2 protein chains.
Amino acid sequence: MADIKIFAAETPPEMAGEPDDIRQAIELLFFAYRDFTSDPDLILLRSGYGRAHHRILHFVGAYPGINVAQLLRILRITKQSLGRVLKQLLKQGFVEQRPGKRDRRQRLLFLTEKGRKFEAQLSTPQQKRVQQAFTAAGPDAVAGYLKVLEHLIDETERKFIIDAIKRG
Amino acid sequence: MADIKIFAAETPPEMAGEPDDIRQAIELLFFAYRDFTSDPDLILLRSGYGRAHHRILHFVGAYPGINVAQLLRILRITKQSLGRVLKQLLKQGFVEQRPGKRDRRQRLLFLTEKGRKFEAQLSTPQQKRVQQAFTAAGPDAVAGYLKVLEHLIDETERKFIIDAIKRG
DNA sequence: GTAATATGTCAATATGGCTGACATAAAAAT
DNA sequence: ATTTTTATGTCAGCCATATTGACATATTAC
């Protein structure tokens, strides 16, 4: 286990096509994201929920009063996909709906106390992981990290997303 | 569409619990990864394959001669999950197997010419996105970006992964 | 009053994970 | 030489999450 090598023993030394630093960066993001999501995933698995539940809990928790259309745009899923999971969260009493005051067609979403607790439970290990990485890498690295991430977002969505994240 | 606000209109100003910069960083990673995977996903969708196919093509392409056990460890999936997708790639002639010379139980994996072409087609837009983000953010930012990503990886796997990525 | 919007829901389908069980060939250990 | 372990494959079934398409309701906008 400790001495497994990823290097293919019979790999020819000549090595293919794409600029290697970009390939490395792509793989690094893959691995980092894999582990980044692993913390809540583990808890979710034991609780009988999935990653989709966490995403909803996170965004409803971070943006109380968010409506369904906004949530759909953020998650980039269909309302049917959202509906299935959201319905469970409502039934389980993690999320509650209130009609919008300006537009009574809208269902504004809020976490209940129970939802807040569960969300915190899911997010805490993930936050700790990020905090630890930030501390280890140092503030300059963090600034660079955030800058690159912003530029990975679709140019057409970038401003919208960044403004949204920084609200509050 | 252009003027959708993510800010919940009725959000109370008091705002809950977690350190906000960490929450922002978590969301930023979510959005960046969402868009980072969207390029190949679009092509895959039109080709009738899925993200799982891309992951295998990527790692077999990057590490020719990788064996099944190594691939499983990297992807963190079961052999049954891998098997279903790998079988398709073999049948379609994107990947080929050769028995290991040292250990003839092993099936070493290689891309065929067809596989290399398809992999390149999938990866090119993703590479361009990363390259563009790196250029826009600048070299110092990239260094910080990579540093933080490394520290997001599980400590127990970190050295293994980083060594692997930086191989030959 | 009619049209558009926000939301919900039913049904069918696909993908990609999972567990458990079992099979084969080759290497390693005794 | 025999037994055990390892590397791989495969069958079957289950679950979570996504999709498309169709349709229903309430409310707002024209």
Side-chain angles (χ1 to χ4, degrees), chain A residues 1 3-5 8-9 34 37-38 40-57 60 65-92 95-109, chain B residues 1 3-5 8-9 34 37-38 40-42 44-57 60 65-91 95-109:
Chain A
M1 186 66 167
D3 55 343
I4 287 178
K5 287 240 185 49
R34 184 195 67 170
T37 56
S38 69
D41 280 356
L42 219 162
I43 303 170
L44 287 158
L45 187 68
R46 292 194 298 242
S47 318
Y49 299 99
R51 197 178 291 183
H53 298 82
H54 184 206
R55 285 198 290 255
I56 295 174
L57 289 172
V60 173
I66 193 172
N67 66 42
V68 171
Q70 290 166 334
L71 205 43
L72 290 176
R73 177 167 177 188
I74 287 177
L75 300 177
R76 288 225 191 128
I77 56 177
T78 58
K79 67 176 168 175
Q80 295 90 329
S81 294
L82 177 64
R84 182 180 35 81
V85 179
L86 185 54
K87 208 192 294 187
Q88 296 172 43
L89 293 173
L90 290 164
K91 193 184 294 185
Q92 304 288 317
V95 173
E96 61 180 11
Q97 296 176 319
R98 301 179 213 154
K101 283 173 190 161
R102 266 170 288 292
D103 184 340
R104 298 198 333 272
R105 290 171 303 180
Q106 294 183 338
R107 307 304 172 87
L108 309 186
L109 303 172
Chain B
M1 183 68 165
D3 56 342
I4 287 179
K5 287 242 183 51
R34 183 195 69 170
T37 56
S38 69
D41 280 356
L42 220 162
L44 286 159
L45 187 68
R46 292 194 297 244
S47 318
Y49 299 99
R51 196 178 291 185
H53 297 83
H54 184 206
R55 284 199 289 257
I56 295 175
L57 289 171
V60 173
I66 194 173
N67 66 45
V68 171
Q70 290 166 335
L71 204 44
L72 290 176
R73 178 166 178 189
I74 288 177
L75 300 177
R76 286 220 191 133
I77 56 175
T78 59
K79 65 177 170 177
Q80 294 91 327
S81 295
L82 177 63
R84 183 168 30 76
V85 179
L86 184 54
K87 209 192 291 188
Q88 296 173 41
L89 293 173
L90 288 164
K91 192 185 291 187
V95 173
E96 61 181 9
Q97 296 176 318
R98 299 179 212 155
K101 283 173 189 163
R102 268 170 287 293
D103 184 340
R104 302 203 323 275
R105 290 172 303 182
Q106 294 183 338
R107 307 304 172 86
L108 308 187
L109 303 172

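Since we're looking at a predicted model, the values are computed, not measured. Every chain is numbered from 1 and lettered A, B, ... according to where its sequence line falls, protein lines coming before strand lines.
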[N] phosphate, OP1 or OP2: any side-chain N/O from [X] under 4.0 angstrom?
X	N	value
B/His53	C/dG16	yes
A/Ser81	D/dT17	no
A/Gln97	C/dG8	yes
A/Arg102	C/dA6	no

How many Å lie between [atom1] on [X] and [atom2] on [N], as a whole number?
X	N	atom1	atom2	value
A/Arg73	C/dT7	CZ	P	14 Å
A/Asn67	C/dT5	CG	C1'	12 Å
B/Leu90	D/dT8	CG	P	13 Å
A/Gln70	C/dT7	CD	C1'	14 Å
A/Tyr49	D/dC15	OH	P	16 Å
A/Arg46	C/dC18	CZ	P	17 Å
A/Arg51	D/dC15	CZ	C1'	15 Å
A/Ile56	D/dT17	CD1	C1'	11 Å

Could you walk me through whether B/Thr78 and B/Leu72 pass the side chain to side chain contact (heavy atoms under 4.5 Å, CB included) check?
CA-CA 7 Å; B/Thr78 59; B/Leu72 290 176; over 6 Å; no
Closest-nucleotide mapping onto DNA chain D: is B/Lys87 or A/Arg76 further toward the 5' terminus? I mean the 5' end.
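Closer to the 5' end of DNA chain D: B/Lys87.
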Along DNA chain D (nearest heavy atom to each residue), the more 5'-positioned of A/Asp103 and A/Gln88:
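The answer here is A/Gln88.
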5′-ward residue of the pair B/Thr78/A/Leu86 relative to DNA chain C:
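It is A/Leu86 whose nearest nucleotide is closer to the 5' end.
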Given side-chain hydrogen bond (donor to acceptor under 3.5 Å, both in side chains), test A/Gln92 with A/Tyr49 step by step and report yes or no.
CA-CA 11 Å; A/Gln92 304 288 317; A/Tyr49 299 99; 3.3 Å; yes
Taking only the side-chain heavy atoms of [X] (C-beta and beyond), determine which of [options] contains the nearest atom.
X	options	answer
A/Lys79	C/dT7, D/dT6, D/dA18	C/dT7
B/Ile77	C/dT7, C/dA6, C/dC18	C/dC18
A/Gln80	C/dG20, D/dT8, C/dC10	C/dC10
B/Arg104	D/dT27, C/dA27, D/dA18	C/dA27
B/Arg105	C/dA26, D/dT8, C/dG16	C/dA26

When only distance counts, do a donor and an acceptor, one from the side chain of B/Arg107 and one from the base of D/dT8, lie under 3.5 Å apart?
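By the distance-only test, no, there is no pair.
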State whether the side chain of B/His54 and the backbone N or O of B/Arg51 hold a donor-acceptor pair below 3.5 Å, judged by distance alone.
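Here the side-chain-to-backbone pair does not exist.
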Indicate the atoms forming the closest heavy-atom contact of [X] with [Y], along with that distance.
X	Y	result
A/Leu108	A/Asn67	CD2-CB, 3.8 Å
A/Arg76	B/Ser38	NH1-CB, 4.5 Å
B/Thr37	B/Asp41	O-CG, 3.0 Å

Would you indicate what A/Gly50 reaches in the nucleic acid, counting non-hydrogen atoms under 4.0 angstrom: base, sugar-phosphate, or nothing?
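A/Gly50: backbone/sugar contact only, no base atoms under 4.0 Å.
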Over all strands shown, is B/Arg84 touching base, sugar-phosphate only, or nothing at heavy-atom distances under 4.0 angstrom?
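Contact class for B/Arg84: base.
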